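Please read these numbers as outputs of a predicted model, since none were measured by experiment.
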Amino acid sequence: MSTPKRQVIDNVNEIRQQIAEAAQRSGRTADEVTLVAVTKYVSAEEMRPLIAAECYDLGESRPQQLWEKAEALGDEPIRWHFIGHLQRNKVRRTVPLVHLLHSGDSVRLLKAVNQELQQTGQSLRVLLEVNVSGDTEKHGFQPEQAKAALPDLLSLEHLRLCGLMAMSARASDRDTARKD
């Protein structure tokens, strides 16, 4: 009988194998792909099997949960990815914990992040969140806004813009997701 810890480790290894096969088919290597395990609704203690599987890139969508988990797992070599909407009033406490901000969804937010980083002399990798589906409940730049904002964003010295983050419509099928 498999234990929950063994099952998580086996699942992570299976996903890594799928990543390796997909990377090979596309002429890449598996080490060019980062597997980020999203830990929403999971306690710090329940995350330990992921760490045992050497899955150190962990994604969190709520600042308060990130703060708690980062403190509880502070002895582990975790690279935190913030994947949710970040309010400017939570930047100061969140940014120092984050390896990659996946949700750079406005010029105002990114200027606040840059200002916080300026005070510490650090930099942060950021993905611009683009609302490609046009869903009104989603955050992010409209595609034309992202392009127009680039000159301002590229002037923010402590941000390293690495790419885009986009999600398909909430109620989309495979064809709609591909279109988005």
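For the side chain to side chain donor-acceptor pair (under 3.5 Å) test, no residue two or more places apart in sequence or in another chain qualifies with Gln24. Shown here are the side chain to side chain donor-acceptor pair (under 3.5 Å) partners of Glu129, two or more places apart in sequence or in another chain: there are none. By the side chain to side chain donor-acceptor pair (under 3.5 Å) test, Gln87 pairs with Lys90, sequence neighbours left out. Remark: Val38 pairs with Lys40, Ile83 by the side chain to side chain contact (heavy atoms under 4.5 Å, CB included) rule, at least two apart or across chains. Among residues two or more places apart in sequence or in another chain, the side chain to side chain contact (heavy atoms under 4.5 Å, CB included) test is passed with Asp175 by Asp173, Arg178. Taking Glu137 as the reference, Arg170 meet the salt bridge (charged side-chain N to carboxylate O under 4.0 Å, His left out) condition, with sequence neighbours excluded. In this structure Arg125 satisfies the side chain to side chain contact (heavy atoms under 4.5 Å, CB included) test together with His99, Leu100, Arg160, Cys162, sequence neighbours excluded. Partners of Ala30 by side chain to side chain contact (heavy atoms under 4.5 Å, CB included), not counting sequence neighbours, listed by chain and number: Ala20.
Atom CD1 of Ile78 and atom CD of Glu60 lie 11.0 Å apart (nearest 0.5 Å). Note that CG of Leu58 and NZ of Lys69 are 9.0 Å apart. Values are rounded to the nearest 0.5 Å. We find the OG1-CZ distance between Thr94 and Arg88 to be 13.5 Å, quoted to the nearest 0.5 Å.
Screening residues 102-132 for ring-ring contact (aromatic ring centres under 6.0 Å, His included), with sequence neighbours left out, gives His81-His102. Legend: salt bridge (charged side-chain N to carboxylate O under 4.0 Å, His left out) pairs involving residues 104-124, not counting sequence neighbours, sorted by first then second residue: Arg92-Glu116. The salt bridge (charged side-chain N to carboxylate O under 4.0 Å, His left out) contacts involving residues 7-27 comprise Arg6-Asp10, where partners must be two or more places apart or lie in separate chains.
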With side chain to side chain contact (heavy atoms under 4.5 Å, CB included) as the criterion, how do Leu66 and Val98 come out once you've worked through the C-alpha distance, each side chain's angles and the decisive distance to 0.1 Å? CA-CA 9 Å; Leu66 172 64; Val98 176; 3.9 Å; yes
Criterion side chain to side chain contact (heavy atoms under 4.5 Å, CB included) on Thr136 and Asn131, from CA distance to verdict: CA-CA 9 Å; Thr136 56; Asn131 185 343; over 6 Å; no
Take Leu50 and Thr39 through the test side chain to side chain contact (heavy atoms under 4.5 Å, CB included) and record every step on the way to the result. CA-CA 10 Å; Leu50 282 171; Thr39 58; 4.1 Å; yes
Verify side chain to side chain contact (heavy atoms under 4.5 Å, CB included) between Tyr41 and Glu46, making sure each step is shown before the conclusion. CA-CA 10 Å; Tyr41 313 117; Glu46 291 171 307; over 6 Å; no
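Looking only at distances, a side-chain donor or acceptor of Thr120 sits under 3.5 Å from a matching main-chain atom of Leu117.
The minimum heavy-atom distance between Met167 and Met165, with the atom names listed, is CG-SD, 4.0 Å. The minimum heavy-atom distance linking Arg48 with Ala72 is given by the pair NH2-O, 3.6 Å. Across Val113 and Leu159, no two heavy atoms sit closer than the pair CG1-CD2, 3.7 Å. When every heavy atom of Asn114 is checked against every heavy atom of His158, the shortest pair comes out as OD1-N, 2.8 Å. Closest approach of Leu73 to Met47, counting heavy atoms only: CD1-CE, 3.6 Å. Heavy atoms only, all atoms of each residue included: Phe82 and Ser61 are closest at CZ-O, 3.5 Å.
With a 6.0 Å radius and a threshold of 12 heavy atoms from other residues, nucleotides or ligands, Glu32 has its CD atom above the threshold. Counting non-hydrogen atoms of neighbouring residues, nucleotides and ligands closer than 6.0 angstrom, the CD atom of Gln115 reaches no more than 12 such neighbours.
By the rule that hydrophobic residues join a cluster once side-chain heavy atoms approach within less than 4.5 Å of another member, Trp80 and Val36 end up as members of separate clusters. Linking Ile, Leu, Val, Met, Phe, Trp and Tyr residues whenever their side-chain heavy atoms come within less than 4.5 Å leaves Leu127 and Leu161 in two separate clusters. In the hydrophobic cluster analysis, where Ile, Leu, Val, Met, Phe, Trp and Tyr join through side-chain heavy atoms closer than 4.5 angstrom, Val132 is grouped together with Leu164.
Exactly one of Asn13, Ile19, Val12 qualifies for a side-chain contact (heavy atoms from CB on, under 4.5 Å) with Ile15. That residue is Ile19.
Looking at heavy atoms from C-beta onward, Val95 lies out of side-chain contact with Leu101 at the 4.5 angstrom threshold. Two residues are said to be in side-chain contact when any heavy atoms from C-beta on lie closer than 4.5 Å; Leu35 and Asp57 fail this criterion.
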Side-chain donor-acceptor distances from residues 138-153 under 3.5 Å, at least two apart:
unit_1	atom_1	unit_2	atom_2	d
Lys138	NZ	Ser168	O	2.3
His139	ND1	His85	ND1	3.4
Gln145	OE1	Gln142	N	2.8

